[in-house]
Amino acid sequence: MIFRRRQFASIFAAGLLCLTLVACGRGSDDQVHDFFSDIAKGARTQAAARFSPELHARFSEAALLVALDHWSSDIASHGGLKDIAMSGGVITYNQLAMYDVVLTYGDGKTKALKTTLVYADTDWYINTAL
């Protein structure tokens, strides 16, 4: 009986730890996907929060939001965002990830981009999306 309680406690603790790590340890793939999803939904504040500290230091918040508004309008004019395809994700020194991203719009048109992320503090941030 005591063995089963300890076994249950160990399994429960391991499961809780895994859940915590999954919730806190979002990867660079998730950031890229969520960034473009936020733009497509018009969630510009959430998308802007995904920009790197360097971009926030270089550009005003207003300039970043205007650029995101323009991009969101462009996506909407093509029928929204149907798919986000990513390849790459090469991580260098655990601080830089580079992706090739293809956005497929609702009208079937596509847009190919190069996106880089930097790891700062405890998370990945969009550094370029050209």
Next on the checklist: Taking Leu68's backbone N and O only, do any of them form a donor-acceptor pair with Ser72's side chain (distance below 3.5 Å, no angle check)?
Outcome noted: no
Checklist entry - Among all residues two or more places apart in sequence or in another chain, which pass the side chain to side chain contact (heavy atoms under 4.5 Å, CB included) test with Ala76? => result none
Next on the checklist: Side-chain heavy atoms nearer than 4.5 Å, only ILVMFWY residues, links allowed to pass through others: does that put Met98 and Leu55 together?
Outcome noted: no
Item to check | Within the 6.0 Å centroid threshold, strictly below: Phe36 and Trp71 | outcome: yes
Checklist entry - Are Ile91 and Leu117 connected in a single hydrophobic cluster, I mean Ile/Leu/Val/Met/Phe/Trp/Tyr linked by side-chain heavy atoms less than 4.5 Å apart? => result yes
Next on the checklist: As an exercise, state the distance from CZ of Arg50 to CG of Asp30, rounded to the nearest 0.5 Å.
Outcome noted: 9.0 Å
Checklist entry - Any chain of hydrophobic side-chain contacts (each under 4.5 Å) joining Ile126 to Ile84? => result yes
Checklist entry - Checking side-chain contact (heavy atoms from CB on, under 4.5 Å) for the pair Leu103/Leu113: CA distance, chi angles, key distance, verdict? => result CA-CA 8 Å; Leu103 304 177; Leu113 304 158; 3.8 Å; yes
Checklist entry - Is there side-chain contact between Val102 and Lys111, with at least one heavy-atom pair below 4.5 Å? => result no
Item to check | Partners meeting ring-ring contact (aromatic ring centres under 6.0 Å, His included) with Tyr105 (sequence neighbours left out) | outcome: His78
Item to check | Side-chain donor-acceptor pair present, Tyr99, Ser28, cut-off under 3.5 Å | outcome: yes
Next on the checklist: Out of the candidates Thr128, Val101, Asp100, only one should pair with Thr115 under the side chain to side chain contact (heavy atoms under 4.5 Å, CB included) rule; please name it.
Outcome noted: Val101
Checklist entry - Ring centres of Phe51 and Phe59 under 6.0 Å apart? => result no
Checklist entry - How many angstroms lie between atom CD1 of Ile75 and atom CG of Leu81, to the nearest 0.5 angstrom? => result 5.5 Å
Next on the checklist: Under the criterion side-chain hydrogen bond (donor to acceptor under 3.5 Å, both in side chains), I'd like the reasoning laid out for Thr110 against Thr104: C-alpha separation, chi angles, the key distance, then a yes or no.
Outcome noted: CA-CA 4 Å; Thr110 60; Thr104 302; 6.0 Å; no
Checklist outcome for this item: Closest heavy-atom pair, Ala129 versus Phe35, reported as atoms and distance to 0.1 Å, is CB-CE2, 4.1 Å
Next on the checklist: For a side-chain contact (heavy atoms from CB on, under 4.5 Å) check, start with the C-alpha distance between Glu54 and Val118, then their side-chain angles and the critical distance, and finish with the verdict.
Outcome noted: CA-CA 10 Å; Glu54 292 85 8; Val118 294; 3.9 Å; yes
Checklist entry - Is there a path from Leu64 to Ile39 through hydrophobic residues (I, L, V, M, F, W, Y) whose side chains come within less than 4.5 Å of each other? => result yes
Checklist outcome for this item: dist Arg44:CZ -> His70:NE2 (nearest 0.5 Å) comes out at 14.5 Å
Checklist entry - Roughly how far, to the nearest 0.5 Å, is the OH atom of Tyr125 from the OG1 atom of Thr116? => result 15.0 Å
Item to check | Glu61 versus Ala48, closest heavy-atom pair with distance | outcome: OE2-CB, 3.8 Å
